[in-house]
Undergrad: 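One structure, pasted below without further comment.
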There are 2 protein chains.
Amino acid sequence: MAGPKGSKYYDVFLKFKVWLENTDGEGILGDGKFELIDQIDQLGSLKAAADKIGISYRKAWGNVKDAEEKLGFLLVDKHRGGQHGGNSVLTPEGKKLIEAYKELLVEFDESIYQITKKFFNKVNEK
Amino acid sequence: MAGPKGSKYYDVFLKFKVWLENTDGEGILGDGKFELIDQIDQLGSLKAAADKIGISYRKAWGNVKDAEEKLGFLLVDKHRGGQHGGNSVLTPEGKKLIEAYKELLVEFDESIYQITKKFFNKVNEK
DNA sequence: AACCGATATGTTTATATTTGCATAATAGCT
DNA sequence: AGCTATTATGCAAATATAAACATATCGGTT
């Protein structure tokens, strides 16, 4: 959301981001990785998900691995070989994680609407 | 906030960030720059603020300039020369901005508490 | 007019992050 | 057994971000 028409903040937007972090302050997964895992869920393949999102397979694979290592459990069951070369499906934990994240985003969006409105009212006070 | 004791998410935290962005998708200012401007307000000097925060003067100065250019108006009135070499005070706009940001953070913290609780309940469902 | 300490800014060095390249391993199918 | 599409991974190259270095400018005080 942007500030009101004519104000100094007319083309300024308030944005936010949510992510998981471990006790060392390292990011585990945020927006991008959630989107990736969601696409793996929908497409059944790491490669397909990477192509869809527009990142390299190398990066997508590295991202999933990194998140899994930091969490200490698998998010995706990966299989290589076979008729179609292989495939990937979410583990129950991975599935629950992306579902919870989607709900979280909806609730964040609801909260942020009021907060944003108030913020722009405040900065535009004469 | 972390997940409940004993759960897979025991030492995992949900974190968030808010920032201002322009229509080109460029970040204008977030956490770090708000903190910097707040310190300039409290200490009356860019240099003192940079030292306090632990970044170089060069970087602090660049950060303020960048934000001001993207916003199109000044946040800090800077004066050089004089008895103490110079000083910096916030413009009315800068002052309103950090005040609004502080309120925003408080409200975000309140909202996120419930959202986080719900999130960890969800991912830990059996 | 000389001094001082903070602002102002270009340039260079270092570091971190991302992207890309190349190549191996795998397993159902024909 | 060979083909195929995907997973798996090391390593080099390219970018982006941040830190460090060097210098100039300015104006109240002395």
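It should be emphasised that the depicted structure is a prediction, and the values quoted were computed from it without experimental measurement.
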Undergrad: By side chain to side chain contact (heavy atoms under 4.5 Å, CB included), which residues pair with V89(B), not counting sequence neighbours?
TA: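 Scan of V89(B) (side chain to side chain contact (heavy atoms under 4.5 Å, CB included), adjacent residues dropped) gives D77(B), N87(B).
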Undergrad: Any chance NZ of K52(B) has more than 12 other-residue heavy atoms, nucleotides or ligands included, within less than 6.0 Å?
TA: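 Check fails, neighbour count at 12 or below.
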Undergrad: Among all residues two or more places apart in sequence or in another chain, which pass the side chain to side chain contact (heavy atoms under 4.5 Å, CB included) test with E68(A)?
TA: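 So E68(A) forms a side chain to side chain contact (heavy atoms under 4.5 Å, CB included) with V64(A), L74(A), L75(A), V76(A), K78(A).
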Undergrad: Scan residues 77-90 of chain A against DNA chain C and write down, sorted by residue number, each residue with any heavy atom closer than 4.0 Å; if none is found, say none.
TA: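 Listed by number, they are R80(A), G81(A), G82(A), Q83(A).
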Undergrad: Could you check if a side-chain atom of W19(A) sits within less than 4.5 angstrom of a side-chain atom of F34(A), using non-hydrogen atoms only?
TA: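 No, side chains not in contact.
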Undergrad: With a 4.5 Å cut-off on side-chain heavy atoms, are F120(A) and Y9(A) touching?
TA: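 They are in side-chain contact.
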Undergrad: Going by the rule salt bridge (charged side-chain N to carboxylate O under 4.0 Å, His left out), which residues pair with K17(B) if we only count those two or more places apart in sequence or in a different chain?
TA: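 Per chain and number, K17(B) pairs via salt bridge (charged side-chain N to carboxylate O under 4.0 Å, His left out) with no residue.
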Undergrad: Mind checking side-chain hydrogen bond (donor to acceptor under 3.5 Å, both in side chains) for D51(B) and listing every partner two or more places apart, or none if nothing turns up?
TA: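 For D51(B), the residues satisfying side-chain hydrogen bond (donor to acceptor under 3.5 Å, both in side chains) (neighbours in sequence not counted) are K47(B).
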Undergrad: Heavy-atom contacts under 4.0 Å between residues 21-39 of chain B and DNA chain C, which residues?
TA: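 Nothing qualifies; none.
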Undergrad: Please identify the 5'-most and 3'-most nucleotides of DNA chain D with any atom under 4.0 angstrom from a heavy atom of chain A.
TA: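 So the contact region on DNA chain D extends dA5(D) to dC11(D).
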Undergrad: Heavy atom of residues 41-72 of chain A under 4.0 Å from DNA chain C: which residues?
TA: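 Those residues are R58(A), K59(A).
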Undergrad: Report the residues that fulfil side chain to side chain contact (heavy atoms under 4.5 Å, CB included) with A49(B), sequence neighbours left out, ordered by chain and then residue number.
TA: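 For A49(B) the side chain to side chain contact (heavy atoms under 4.5 Å, CB included) partners, ignoring immediate neighbours, are L36(B), Q39(B), I40(B).
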Undergrad: Can you name the residues that form a side-chain hydrogen bond (donor to acceptor under 3.5 Å, both in side chains) with K15(A), not counting sequence neighbours?
TA: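 K15(A) satisfies side-chain hydrogen bond (donor to acceptor under 3.5 Å, both in side chains) with no other residue.
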Undergrad: For E99(B), check side chain to side chain contact (heavy atoms under 4.5 Å, CB included) against everything at least two apart and list the hits.
TA: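 Partners of E99(B) under the side chain to side chain contact (heavy atoms under 4.5 Å, CB included) test: K122(A), K95(B).
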Undergrad: Sequence neighbours left out, what passes side-chain hydrogen bond (donor to acceptor under 3.5 Å, both in side chains) with Q42(A)? Give chain and number order.
TA: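 Applying side-chain hydrogen bond (donor to acceptor under 3.5 Å, both in side chains) to Q42(A) gives D38(A).
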Undergrad: State, without any angle test, whether N124(B) and Y10(B) hold a side-chain donor-acceptor pair at a distance under 3.5 Å.
TA: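 Distance-only check fails for N124(B) and Y10(B).
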